[in-house]
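In what follows, a structure is listed as structure tokens, so that the remarks can point back to it.
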Amino acid sequence: MEAVKERVLKFAIEGEIKEIRPLGNGLINDTFKVVTAGEGPDYVLQCVNHAIFKDVDLLQSNIEAVTAHIRTKLEAAGEKDLDRKVLRFIPLKDSPKTYYFDGEKYWRVSVFIKDAFTFETVNPEYSYYAGKAFGNFEAMLADIPAKLGETIPDFHNMELRSRQLKEAIAADPVGRMADPEVQAIAAEIAEYDFEMCKAERMYREGVLPKRICHCDTKVNNMMFDAEGNVLCVIDLDTVMPSFVFSDFGDFLRTAANTVAEDDPAVDKVAFRMDIFEAFAKGYIESASCFLTPVERENLPYGALLFPYMQAVRFFADYINGDTYYKIKYPEHNLVRTRNQLALFRSAKSHMAEMASFIQSL
Ligand code: GN1
Ligand code: MG
């Protein structure tokens, strides 16, 4: 940890470093908690995965613009305790930059929000609050003056994800396509390819806008206080222009699944309508100020799209020999694929119900 400590010391933090220890369970970046002595805050140190986020300068400037914009709005609304309600990134000691490049890796430091919790699962009540919070996050960013870049170009572009999977299948670099189960999965995915690429077509036709979205609204990317109030949204690397389905769909993908995204018990996977209803209600309450009718009526499609897209991404990574997501065992990405496909099937069986619920709001 000595080398890691040296990186932290490049930043203008308060107090002496007492301890640095691993934090959280993200699949992309490496995260640590930096405990300090004295009155000042503790911090979160992250090593940004540069293989995935190629332009860290753009990424941090997006995050700076977003957090500054939200901070200004919260301040104007008379909110107190802002360091608990929006992330604050620490500049370097010798420059206003909020990241440090050590010649090999990129590092950044933000204020640790104490007495705050993230959850891997939530009940309907918390889903309702989360819906309000993610809708509000998009609403606050609807008038951001800065033009944000795509930190991962075409991140949630289903046509691209589908193409990447087709390329992986054609190349089959580690021979995983020989397995009949893998072939069956490929066939099932192909069946829904055209239907799931609908958002990109609507965008080209000019009927679906892009907005500033969070693009990684996994349930564990939201912080709650001890009383269950939403504090803030974290993990801002993927904040970029996208369709509203990104935030609506990815939350439900993680929160409405009866089990974790990598649970091998596929027969236990189901899409929870109680979570859908609570989340949709909260989301629409705070997003209705900007949602168009097309966006609103396609929210159920968004709830289908994300399990599907995630299945495609996990599956492509499995075929490619596990080069993107962190894995804990060799078949991890295949297990994740089966799980997400099962969730897709379950969500699909609730399409009509979802549509009439949205209409009823
Ligand atoms: C990644 O970093 P983490 O675990 O919050 C991924 C998401 C996936 C998710 C699947 C930049 O998010 O898009 O939905 O794993 N982030 C990136 O669990 O690819
Ligand atoms: Mg995360």
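Read the numbers this way: they start at 1 and go in the same order the structure lists the ligands and their atoms. Heads up: numbering here begins at 1 and tracks the sequence. What you see is a predicted model, and the numbers here were worked out from it, not measured in a lab.
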Please work out which of I152, T238, D216 has its closest non-hydrogen atom nearest to atom 5 (O) of ligand 1. D216
Under 4.0 Å from ligand 1, counting heavy atoms only, is it the side chain of D237, its backbone, both or neither? neither
How about R336 and N339: does a side-chain donor come under 3.5 Å of a side-chain acceptor? no
Between ligand 1 and R253, can you find any atom pair, the residue atom being a heavy atom, that is separated by under 4.0 Å? yes
So for F53, does at least one of its heavy atoms come nearer than 4.0 angstrom to any atom of ligand 1? yes
Ring-plane angle category for Y106 and H50, please: parallel below 30°, perpendicular beyond 60°, tilted otherwise. tilted
For Y324, the ligand 1 atoms with a heavy-atom partner under 4.0 Å come out as 11 (C), 17 (C), 19 (O)
Determine whether the side chains of H214 and N221 contain a donor N or O and an acceptor N or O closer than 3.5 Å. no
Do any N/O atoms on L27 end up under 3.5 angstrom from N/O atoms on ligand 1? yes
Heavy-atom proximity to atom 14 (O) of ligand 1, picking from R313, Q340, E261, Q310, points to Q310
Taking N or O atoms only and a 3.5 Å limit, does H156 qualify as a polar contact for ligand 1? no
Apart from V44 itself, what residues make up its hydrophobic cluster, given side-chain heavy atom links below 4.5 Å? L23, F112
Between E188 and R345, does at least one N-O distance fall below 4.0 Å, as a salt bridge requires? yes
Residues which pass ring pair (Phe, Tyr, Trp, His ring centres under 6.0 Å) with Y283, listed by chain and number, not counting sequence neighbours: F248
Enumerated ligand 1 atoms positioned under 4.0 Å from heavy atoms of D235: 5 (O)
F245-Y301 aromatic ring centre distance below 6.0 Å: yes
